[in-house]
Amino acid sequence: MTDKTENKTQKRPDSRAGDRADGQAPGCRRPATALARAGTRVRSRARSLPSWSLLIAGALAGTLAGGAYGLARSPQYTATSYVVAVPAEGSDPASALGFAQAYGRVATQLAVLGDAQVWAGVPAATLEESVRTATSPDAPMVAVTATSARPGLAADMANAVARALTQHASTTAHATHVGLRQFARATEPAEPSSASAALTGLVGASAGGLLGALGLLVRPRRAADTPGRPAAVPGPAHAPVPTSDVRGHL
């Protein structure tokens, strides 16, 4: 009895040593095998899906991402004020067009924004980021556009910059013989100028569908994924034996 007990105790360390020699515990083999099988099943199911499913998946993902961006982003409002360049009496009317182009570039400078911040109630840095100007090559007019998350503030910033630009032009009118007059004041916008959530969702769907189409182009073909029958290798061709040699042997 003692000999059999000793033999059993000697065999147990050998089996544990064999398991440890593989670098894995005995209980870790089954989960690793299950994960490998699950990965194989997922890959086989992905290959069995139709090719157009990638387009639909990309379009749906783009729609969700674009709609979420449109909902998370705060709406922006835009207001525009217009000033017109008026030539002095006796001066060349064509010079008003050139000075309107010059005043359009000066409107966003610190010399004008420093005065406009008092009437707008915001720092000059905010005006520099939110205000843009535009001029016309045919009319001596300057458009001052302001954008803000609040519609009332957008109108106030546009009117403040237009007022400051008009006063700045009046101080140099004796030298330029051209002054600025306010043509139209900015009014509080009723609707936001930024894209809605539906529009951003549509743009996201288009981008997602495009990415899905690109994925189809780089996707390997199914024939390359599934192993087919091996190509038949032609055997060596045998040259015909001349009849003279056959007769000689006979």
Side-chain angles (χ1 to χ4, degrees), residues 58-86 96-172 178-211:
L60 289 177
T63 302
L64 293 177
Y69 174 76
L71 292 175
R73 183 184 180 185
S74 58
Q76 298 292 317
Y77 296 88
T78 302
T80 304
S81 179
Y82 296 92
V83 294
V84 61
V86 180
L97 183 60
F99 278 102
Q101 301 287 335
Y103 284 128
R105 300 185 183 93
V106 175
T108 55
Q109 300 298 320
L110 187 60
V112 179
L113 298 181
D115 297 336
Q117 66 180 351
V118 179
W119 299 304
V122 294
T126 303
L127 293 175
E128 187 177 2
E129 295 176 358
S130 306
V131 176
R132 295 292 180 269
T133 59
T135 56
S136 173
D138 302 325
M141 186 174 294
V142 181
V144 182
T145 303
T147 304
S148 176
R150 292 182 293 172
L153 181 59
D156 293 341
M157 289 191 298
N159 291 326
V161 174
R163 179 181 178 183
L165 183 62
T166 301
Q167 290 188 357
H168 181 77
S170 62
T171 57
T172 59
V178 174
L180 289 180
R181 299 291 184 271
Q182 192 166 20
F183 184 77
R185 289 179 57 85
T187 58
E188 185 175 339
E191 297 180 356
S193 58
S194 58
S196 61
L199 182 58
T200 55
L202 182 60
V203 174
S206 302
L210 179 60
L211 293 178

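Since the model is a prediction, treat every value here as computed from it, not as a measurement.
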### Query
If you count the non-hydrogen atoms of other residues, nucleotides and ligands that lie under 6.0 Å from CD in Glu128, is the total more than 12?
no

Could you verify whether a donor N or O on one side chain and an acceptor N or O on the other, from Thr147 and Ser130, lie under 3.5 Å apart?
no

Would you say the side-chain atoms of Ser81 pair up with the backbone N or O of Ala143, donor to acceptor, closer than 3.5 Å? no

Original post:
Is the side chain of Gln101 donor-acceptor paired with the backbone N or O of Ser136 at a distance under 3.5 Å, no angle test?
Top reply: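 Looks like yes, one N/O pair under 3.5 Å.
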
Can you name the closest pair of heavy atoms from [X] and [Y] and give their distance?
{"X": "Val161", "Y": "Leu113", "value": "CG2-CD2, 4.0 Å"}
{"X": "Leu97", "Y": "Pro137", "value": "CD2-O, 3.5 Å"}
{"X": "Val131", "Y": "Ala146", "value": "CG2-CB, 4.1 Å"}
{"X": "Leu110", "Y": "Ala124", "value": "CD1-CB, 4.2 Å"}
{"X": "Ala107", "Y": "Leu165", "value": "CB-CD2, 3.9 Å"}
{"X": "Ala85", "Y": "Ala100", "value": "CB-CB, 4.0 Å"}

Problem set entry | side chain to side chain contact (heavy atoms under 4.5 Å, CB included) against Thr108, all qualifying residues, sequence neighbours excluded |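 For Thr108 the side chain to side chain contact (heavy atoms under 4.5 Å, CB included) partners, ignoring immediate neighbours, are Thr133.
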
**Message:** Is any side-chain heavy atom of Asp115 closer than 4.5 Å to one of His168?
**Reply:** no

Practice item. Report yes if the side chains of Tyr103 and Val112 come closer than 4.5 Å at any heavy-atom pair, otherwise no. Key: no

*What distance do Thr135 atom OG1 and Arg105 atom CZ have between them, rounded to the nearest 0.5 Å?*
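Going from OG1 on Thr135 over to CZ on Arg105, the span is 6.5 Å.
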
Distance col, row Glu191:CD vs Tyr77:OH, nearest 0.5 angstrom, shows 9.0 Å

Let me have the donor-acceptor pairs involving side chains of residues 148-160, under 3.5 Å, with sequence neighbours excluded, atom names and distances please.
{"unit_1": "Ser148", "atom_1": "OG", "unit_2": "Arg150", "atom_2": "N", "d": "3.3"}
{"unit_1": "Asn159", "atom_1": "OD1", "unit_2": "Ala186", "atom_2": "N", "d": "2.7"}
{"unit_1": "Asn159", "atom_1": "ND2", "unit_2": "Ala155", "atom_2": "O", "d": "3.1"}
{"unit_1": "Asn159", "atom_1": "ND2", "unit_2": "Ala186", "atom_2": "O", "d": "3.1"}

